[in-house]
2 protein chains.
Amino acid sequence: MNEASPLATVHGQPTWQVVRAEILRRIRARYWEPGALIPGEMVLAKKFGCARATVNRALRDLAEEGLVERRRKAGTRVALHPVRKATLEIPVTRIEVEKRGASYRHAVIERETAKPPELVASKLGSGVKKLLHLRSLHFADDHPFIYEDRWVNQVAVPDVMKESFEHVSTNEWLVRNAPFTHGDITFGAENTTEAEAQLLEAHEGDAILVIQRITWSEKMPITFVRLAHAPGHRLRTTI
Amino acid sequence: MNEASPLATVHGQPTWQVVRAEILRRIRARYWEPGALIPGEMVLAKKFGCARATVNRALRDLAEEGLVERRRKAGTRVALHPVRKATLEIPVTRIEVEKRGASYRHAVIERETAKPPELVASKLGSGVKKLLHLRSLHFADDHPFIYEDRWVNQVAVPDVMKESFEHVSTNEWLVRNAPFTHGDITFGAENTTEAEAQLLEAHEGDAILVIQRITWSEKMPITFVRLAHAPGHRLRTTI
DNA sequence: AAGTGGTCTAGACCACGTC
DNA sequence: ACGTGGTCTAGACCACTTT
C-alpha cells in the first residue's frame, strides 16, 4: 500500500477528482478509520503535489456527500455514521410520463373556490383564506397515472384565477408563473378510498404511493398538493 | 430594477453566494427567461466586480441544482424544465429510530444459507450463488418499525458468516465491514401479506412503504434488502 | 492565541463542442 | 478555429473554534 504517492498516475480525470478518489480509497481501506482525523489541507496538498485549493475542492465534495465532517480549527474527520443521501428528481408530471415513453394527457375533475379542510389550512398557515381547489387526473397512455388534489393560494398567485388549466397542467403552469423558493415533501403509503380507487381504475384498499408537497415563495405559501399515484408506481434512484 | 450593481451590499455572506442569489433573482424575475442565454463568466465577473472563479462557483452551484444548464462554448442557459431534486437521507435504522426519540432494538427472525428466489437472483446477477438470507425486525420503543428481508453475498463479504447479528444490525455491520460504492433504490407502496401484517402488528392489506435497495462494491454485488415499514411511516424532506 | 478550513483573486492553460 | 466553461495555481486574508 503506497503511502505518499504524489498524484496517482490517472489521466483524463481532473486532479481534484483524483485526489478525491485517493482519499476515498484510504477511508474505505481503513487507512483512516471512522472518526479519525485526516491531515490538514496544506499537508495533503504537499503530499499529492497540488495546490491547497485542489485538495479543498476534493474534501468539500466528500463533506457534501456526508463522508467526512469538516470544522475550522478542528480539522477534517472521517464520518462516524456516513449518512448516504439519495436524490430524487421531481420532474413535472408531463415530463415524467413522456420519459416513460407514454403519451400524456390530463383532465380537471373539479375546480372551486372553497374553504380548505382543517388539515390543509394548518399546513399552509392560518393567514391563508382564499384558496383555489383543483382536483385533476394525469393520464399515461390513457390510463390514470396520478390523481392530484391541490389548493392554490390566490393571494400569492392571483393570475391563477384566469387560467382554466385545461391545456396546461397546474403543476407546469405554476413552475412558469409562480416559482417557489423552497418546500416540504412527504412520501407515504396509503390504502385507496373507494372514490380514489374508481378514479385510478384500482380496487378499494389498494396500496398507493402518496406524495404531499407544500411550496413557498419566501414566506408566502403558494400551494399544497397531494399526489396519489396509481398502484404499482415506484420511484427509483441511485446512491 | 438595478442593472449592473457591482456586488449587492450584503454582508456576512460569501461573495459567491451573493452572486448566486442575484443570478437566481434575475432568473425568477424573468430578467433572463427560461431557455435564455446568460452572459459569460467573464462578463458577469466584471459586472459584479469579482473574479471569474467566484462567478464560476455560483453558476456551478446553480447547475448542480438543475436551474441552469452549462456547456462549453455554448454557454449557460436558464433551464427550460428546472428539475427540482429532493435529497433523502438514508441513515442506519438505529440512528433513524433514535432520532425520533425512541429506543432501538432489533431481532433476527431467521438466518439461513439458501438459494435466492428468482426475483432476487436476477437483481444481484447470475454469478452470485452463495447467499446468506436474514430476516429481522427493527423495533422503536418495542413497536415493530421495519421488517427487513435481506440477502448477503458471501463471496463479497465472507466475514458475514462469523457474525450472529444479535447485537449489531446487519445494516450497521455492513456499513462498517463492507462499504459500498454505489447502489439502486426503489420506493413503492404495497399491501401487507398476512405474514407481514402479523410481524408488523398491522392488519392484512394495510398499505406500507417498501424500500428495496441493492448495493455494490465496484462490480461485486454486496446485498439486496427489502425494507417493509410499519403502516403510517413517512419519509420527509425539503426542496 | 493559534491553527484550520472558507473564500477570494489574477492569471493561466486546457478540453470540449459549436461554428 | 475559436469561444466558453473547467480546472489549476500561488498567494492572501478572513472566520470560526478549539486550546
Side-chain angles (χ1 to χ4, degrees), chain A residues 5-24 26-27 32 35-80 82, chain B residues 5-24 26-27 32 35-80 82:
Chain A
S5 56
L7 88 130
T9 44
V10 180
H11 333 281
Q13 213 171 176
T15 311
W16 72 268
Q17 286 178 27
V18 176
V19 172
R20 181 189 175 286
E22 173 58 17
I23 294 172
L24 200 52
R26 295 191 184 191
I27 290 175
W32 293 319
L37 194 63
I38 288 178
E41 295 186 346
M42 283 186 302
V43 177
L44 289 176
K46 182 161 286 187
K47 242 206 281 229
F48 290 125
C50 66
R52 180 169 84 93
T54 306
V55 174
N56 180 282
R57 173 95 189 253
L59 285 173
R60 183 155 39 84
D61 197 69
L62 288 171
E64 275 171 15
E65 290 180 48
L67 280 106
V68 301
E69 289 168 3
R70 321 194 71 195
R71 270 174 10 227
R72 285 163 150 123
K73 169 69 179 176
T76 303
R77 289 182 181 280
V78 179
L80 244 11
Chain B
S5 56
L7 88 131
T9 45
V10 180
H11 333 282
Q13 212 171 175
T15 312
W16 72 268
Q17 286 179 27
V18 176
V19 172
R20 180 188 176 288
E22 173 58 19
I23 294 173
L24 200 50
R26 295 192 184 192
I27 290 175
W32 292 318
L37 195 62
I38 289 178
E41 295 186 348
M42 285 185 301
V43 177
L44 289 176
K46 182 161 285 186
K47 242 207 280 229
F48 289 125
C50 66
R52 180 168 83 96
T54 306
V55 174
N56 180 282
R57 174 95 189 254
L59 285 172
R60 183 153 41 82
D61 196 69
L62 289 171
E64 275 171 14
E65 289 180 48
L67 281 110
V68 302
E69 289 168 4
R70 320 195 71 195
R71 269 175 0 222
R72 286 163 147 122
K73 169 68 179 178
T76 303
R77 289 180 180 282
V78 180
L80 243 13

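All chains are named by letter (A, B, ...) in the order of the sequence lines, taking the proteins before the strands, and each is independently numbered beginning at 1.
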**Item:** Nearest to side-chain heavy atoms of B:Glu41, which nucleotide of C:dG6, D:dA10, D:dG6
**Value:** D:dG6

**Asked** With respect to the phosphate group of C:dG5, does any side-chain polar atom (N or O) of A:Arg52 fall under 4.0 Å of OP1 or OP2?
**Response** no

**Contact under 4.0 Å: A:Thr76 side-chain N or O vs C:dT4 OP1/OP2** = no

**Asked** So do A:Trp16 and A:Cys50 actually touch side chain to side chain, heavy atoms under 4.5 Å?
**Response** no

**Item:** Cationic N near anionic O, under 4.0 Å, A:Glu65 to A:Arg20
**Value:** yes

What is the distance from [atom1] of [X] to [atom2] of [N], rounded to the nearest Å?
| X | N | atom1 | atom2 | value |
| --- | --- | --- | --- | --- |
| A:Leu44 | D:dT9 | CG | P | 14 Å |
| B:Leu37 | D:dG5 | CG | C1' | 12 Å |
| A:Glu69 | C:dG5 | CD | C1' | 15 Å |
| B:Gln17 | D:dA15 | CD | P | 14 Å |

**Prompt:** Can you name the residues that form a salt bridge (Lys or Arg N to Asp or Glu O under 4.0 Å) with B:Arg70, not counting sequence neighbours?
**Reply:** B:Glu41

**Minimal non-hydrogen separation, A:Leu59 against A:Val68, with atom names** = O-CG2, 3.9 Å

**Prompt:** Looking at residues 53-66 of chain A, who's got a heavy atom less than 4.0 Å off DNA chain D?
**Reply:** A:Ala53, A:Thr54, A:Arg57

For nucleotides 17-19 of chain D, which of its nitrogen or oxygen atoms have a protein nitrogen or oxygen under 3.5 Å away, and what is each distance?
| from | atom 1 | to | atom 2 | distance (Å) |
| --- | --- | --- | --- | --- |
| D:dT18 | OP1 | A:Arg71 | NH2 | 3.1 |

